[in-house]
J.: 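This is the structure, below, for whatever I ask next.
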Amino acid sequence: MDLRLTEEQEAFAASVRAFAHEHVEPGVLERDRAGRWDPELWREVAAFGLAGLPVPEEYGGSGADVLTTGLALEALAYGGRDAGLNLSLGAHLTIGCMPIALHGTDEQKQQWLPRMASGASIGAFAITEPEAGSDTAGMKTSARREGDTWVLNGTKTFITNGGLADVVTVVARTDPDAPDGQAFTAFLVEAGWNGFSVSRELKKLGNRTSPTVELSFSDVEVPETAVLGDPGTALWAVGFECFDWERTCMIASAVGGMHRDLDECVRYAKDREAFGKPIGTFGAIQHKLAQMRIRLENARNLQRQAAWRKDHGLEHQIEASMAKAYVGEAAVASALDAVQIHGGWGYLDEFHVERSLRDAKLATIGGGTTEIQELLISRMLLG
Ligand SMILES: Cc1cc2nc3c(=O)[nH]c(=O)nc-3n(C[C@H](O)[C@H](O)[C@H](O)COP(=O)(O)OP(=O)(O)OC[C@H]3O[C@@H](n4cnc5c(N)ncnc54)[C@H](O)[C@@H]3O)c2cc1C
């Protein structure tokens, strides 16, 4: 087996890292302090060609596979250290564009994908509700058919890009009595439709440069042409694909953050002196660096294996859940080590690792918590 990237993949990742160093990293501290989404930076990311990575070429994207899309996210996180930007881009690509690319009609793809791939439109996916996160089937948002339209009512929360998006894929219960596999339908809801609004902007621990909002739907009339995929099947079809992309691909952002923190910690351990010696000469610091390196290797291998298996059409559910569970917990553990290695300076935001710790925590929650991944893994083990 050959785990090396191809020369082309290495060159692509290097180009994304260089772009991120130059365009994303400057100002990230101020953007995080202000909790500011930067539309100009988004335009630069799109102009660089990242907004349509996995979108098929016929719809204006690059047709990149899961592994390559993950490489881009990893490199962007490494070079830019802006986890919020990574979150917004990752969500746009994996749960914004991909549901439409995979389940859309040709008209829906023509309408949305070229605009999304160019970055002119941003995508979002809304399944979580105030009282139903892990238990997605417990959602209350509903849509009832009235003639040729559906009438949508409910509230979605924690929606990444929800207030930026021109189109949001919204999952709602359409049959109160059917089993889960036949009870939910996905709709492409457009910004500006009557009854659809951003009802709350959410303040969060980390990833602050990415806007997260609550969305409300009050008698929103959705035309039949905006139904995404087969009615009734959204939970297992559209929802499943979204979670799968989050677990195999989007978590590569956390891997990039871990790598950058490790490199910064190695540099700091060589420069910073205590008791007349570089702190890197102390065993306690060396052990932390070694554990950070081991976690990075494991996290990267698990993510890339899951992505590669998905790309090759191989069964990969247990790999995706293992990757998601491991990367999230490892990212938090390594970010804690990074803060500790930096001592008091690590507790200040200007040394960046404090932000890494706040940002990393999301990887254990969004896209299915660690506990839910463990539940899925154990179910696959026990049958
Ligand atoms: C910044 C951010 C961005 C997000 N972006 C999006 C988005 O774009 N679109 C979207 O739809 N959602 C999004 N989410 C929502 C996210 O996917 C959910 O928060 C997550 O799935 C957990 O759901 P919950 O918050 O309701 O927690 P709960 O489901 O209430 O879980 C609470 C705790 O109980 C545990 N738990 C729950 N059930 C079980 C069980 N059966 N066994 C063991 N433990 C269990 C959980 O692991 C957790 O520790 C985002 C969340 C955040 C924080």
Side-chain angles (χ1 to χ4, degrees), residues 32 35 37 82-100 122-141 154-165 167-173 180 184 186-189 198-217 228 234-235 238-247 249-251 253-254 257 320-321 324-325 328-329 331-332 355 357-380 382:
D32 180 71
W37 163 255
D82 185 342
L85 177 71
N86 264 74
L87 172 63
S88 277
L89 175 65
H92 166 78
L93 298 175
T94 65
I95 57 178
C97 298
M98 288 319 291
I100 301 175
I122 298 181
F125 175 72
I127 195 163
T128 306
E129 301 192 353
E131 288 167 48
S134 306
D135 178 16
T136 45
M139 73 175 73
K140 295 199 176 87
T141 296
T155 304
K156 296 289 180 184
T157 197
F158 296 125
I159 309 308
T160 303
N161 302 338
L164 305 172
V167 64
V168 181
T169 299
V170 181
V171 180
R173 182 177 278 279
D180 291 349
F184 301 93
F187 300 95
L188 295 172
V189 179
V198 172
S199 38
R200 196 152 80 94
E201 306 214 344
L202 306 175
K203 300 283 177 208
K204 11 186 232 309
L205 177 71
N207 289 266
R208 290 182 175 168
T209 60
S210 169
T212 310
V213 297
E214 179 186 89
L215 300 175
S216 291
F217 308 89
L228 181 66
L235 208 55
V238 179
F240 171 82
E241 268 300 336
C242 286
F243 293 133
D244 201 42
W245 272 86
E246 286 185 304
R247 291 164 196 175
C249 183
M250 206 165 147
I251 50 156
S253 294
S321 284
K324 174 69 176 60
E329 297 302 325
V332 172
R355 188 173 71 253
L357 179 57
R358 291 187 285 107
D359 292 340
K361 190 62 190 136
L362 180 61
T364 71
I365 298 170
T369 63
T370 301
E371 291 81 3
I372 292 300
Q373 305 314 315
E374 289 168 345
L375 186 75
L376 293 171
I377 293 165
S378 64
R379 273 192 199 149
M380 285 181 260
L382 297 167

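In listed order, ligands and their atoms are each counted from 1.
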J.: So, the side chain of K140 versus the backbone of P130: is there a donor-acceptor pair under 3.5 Å, distance only?
T.: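 It does not hold such a pair.
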
J.: What do you reckon, does E371 have a nitrogen or oxygen under 3.5 Å from a nitrogen or oxygen of ligand 1?
T.: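 It does: an N or O of E371 is found under 3.5 Å from an N or O of ligand 1.
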
J.: Please work out, at 4.0 Å between heavy atoms, whether the side chain, the backbone, both, or neither of T369 comes within that distance of ligand 1.
T.: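 Side chain only; the backbone of T369 stays clear of ligand 1.
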
J.: At the 4.0 Å heavy-atom cut-off, does N207 count as touching ligand 1?
T.: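 Outside the 4.0 Å threshold, so no.
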
J.: Do any N/O atoms on E129 end up under 3.5 angstrom from N/O atoms on ligand 1?
T.: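 For ligand 1, there is no N or O atom that lies under 3.5 Å from one belonging to E129.
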
J.: For atom 25 (O) of ligand 1, what is the nearest protein heavy atom, given as residue, atom name and distance?
T.: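 The closest heavy atom on the protein side is F158 CE1, 3.8 Å.
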
J.: Please round to the nearest 0.5 Å and tell me the distance separating atom CG of L85 and atom CG of N207.
T.: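 Nearest 0.5 Å value for the CG-CG distance: 10.5 Å.
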
J.: Nearest to atom 26 (O) of ligand 1, what protein heavy atom do you find, and at what distance?
T.: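 Going by distance alone, atom 26 (O) of ligand 1 is nearest to G133 CA, 3.1 Å.
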
J.: Quick one: CG on D32 to CG on D82, what's the gap to the nearest 0.5 Å?
T.: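 The CG atom of D32 sits 8.0 Å away from the CG atom of D82.
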
J.: Return the residue, atom name and 0.1 Å-rounded distance of the protein heavy atom closest to atom 15 (C) of ligand 1.
T.: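 Atom 15 (C) of ligand 1 sits closest to the protein heavy atom T128 OG1, 3.2 Å.
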
J.: Would T94 and E246 count as having a side-chain donor-acceptor pair, cut-off 3.5 Å?
T.: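 No, E246 and T94 have no side-chain donor paired with an acceptor closer than 3.5 Å.
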
J.: Report the C-alpha distance between R358 and K204 in whole Å, list the side-chain angles of each, state the deciding distance to 0.1 Å, and finish with yes or no for side chain to side chain contact (heavy atoms under 4.5 Å, CB included).
T.: CA-CA 9 Å; R358 291 187 285 107; K204 11 186 232 309; over 6 Å; no

J.: If I compare all heavy atoms of A254 with all of A363, which pair ends up nearest, and what's the gap?
T.: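 Residues A254 and A363, closest heavy atoms: CB-CB, 4.3 Å.
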
J.: Does one side chain, of T155 or E214, offer a donor that lies under 3.5 Å from an acceptor on the other?
T.: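 No pair is found: no donor N or O on one side chain lies under 3.5 Å from an acceptor on the other.
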
J.: Does the protein place a non-hydrogen atom closer than 4.0 angstrom to atom 33 (C) of ligand 1?
T.: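 For atom 33 (C) of ligand 1 the answer is no, since every protein heavy atom stays at 4.0 Å or beyond.
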
J.: Going by side chain to side chain donor-acceptor pair (under 3.5 Å), name the residues that satisfy it together with R173, two or more places apart in sequence or in a different chain.
T.: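 Scan of R173 (side chain to side chain donor-acceptor pair (under 3.5 Å), adjacent residues dropped) gives none.
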
J.: Report yes if T157 has an N/O atom closer than 3.5 Å to an N/O atom of ligand 1; otherwise report no.
T.: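 So ligand 1 has no N or O lying under 3.5 Å from an N or O of T157.
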
J.: Return the set of residues passing side chain to side chain donor-acceptor pair (under 3.5 Å) with T157 (not counting sequence neighbours), or none when no residue passes.
T.: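 None.
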
J.: Which residue holds the protein heavy atom closest to atom 9 (N) of ligand 1, what is that atom called, and what is the gap in Å?
T.: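 Checking every protein heavy atom, the shortest distance to atom 9 (N) of ligand 1 gives F125 O, 2.8 Å.
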
J.: Please report the C-alpha distance between M98 and C242 in whole Å, then the side-chain angles of each, then the deciding distance to 0.1 Å, and finally whether the side chain to side chain contact (heavy atoms under 4.5 Å, CB included) criterion is met.
T.: CA-CA 8 Å; M98 288 319 291; C242 286; over 6 Å; no

J.: Atoms of ligand 1 less than 4.0 Å from G367 heavy atoms?
T.: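 Checking each atom against G367, I get 17 (O).
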
J.: Can you sort out which atoms of ligand 1 are near L362, meaning under 4.0 Å from one of its heavy atoms?
T.: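 Those qualifying, in numeric order: 1 (C), 2 (C), 52 (C), 53 (C).
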
J.: Suppose we measure from atom 31 (O) of ligand 1 to each protein heavy atom; which comes out shortest, and what is that distance?
T.: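 Of the protein heavy atoms, S134 OG, 3.8 Å lies nearest.
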
J.: Of the protein's non-hydrogen atoms, which lies at the shortest distance from atom 8 (O) of ligand 1, and what is that distance?
T.: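 Protein heavy atom at minimum distance: T160 N, 3.0 Å.
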
J.: Is there a protein heavy atom less than 4.0 Å away from atom 5 (N) of ligand 1?
T.: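 Given the 4.0 Å limit, the answer for atom 5 (N) of ligand 1 is yes, a protein heavy atom qualifies.
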
J.: Take atom 13 (C) of ligand 1 and look for protein heavy atoms under 4.0 Å from it; say yes if you find one, no if not.
T.: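 At least one protein heavy atom is under 4.0 Å away.
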
J.: Check each of L376, L375, T94 against atom 41 (N) of ligand 1 and report the one with the nearest heavy atom.
T.: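 Nearest heavy atom to atom 41 (N) of ligand 1 lies in L375.
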
J.: Assess the residue pair R208 and D359 against the criterion (side chain to side chain contact (heavy atoms under 4.5 Å, CB included)); give the C-alpha distance rounded to whole Å, side-chain angles, the decisive distance to 0.1 Å, and a yes or no.
T.: CA-CA 8 Å; R208 290 182 175 168; D359 292 340; over 6 Å; no

J.: Do me a favour and list the nearest non-hydrogen protein atom to atom 40 (C) of ligand 1 with residue, atom name and distance?
T.: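 The protein heavy atom lying closest is I372 CD1, 4.0 Å.
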
J.: Can you report which non-hydrogen protein atom sits closest to atom 20 (C) of ligand 1, along with the distance?
T.: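 Sorting protein heavy atoms by distance from atom 20 (C) of ligand 1 puts I365 O, 3.6 Å first.
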
J.: Between K156 and ligand 1, which part of the residue brings a heavy atom under 4.0 Å of the ligand: side chain, backbone, both or neither?
T.: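 K156 to ligand 1: no contact under 4.0 Å from either part.
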
J.: Closest heavy-atom contact between G162 and V198?
T.: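 Closest heavy-atom pair between G162 and V198: O-CG2, 4.5 Å.
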
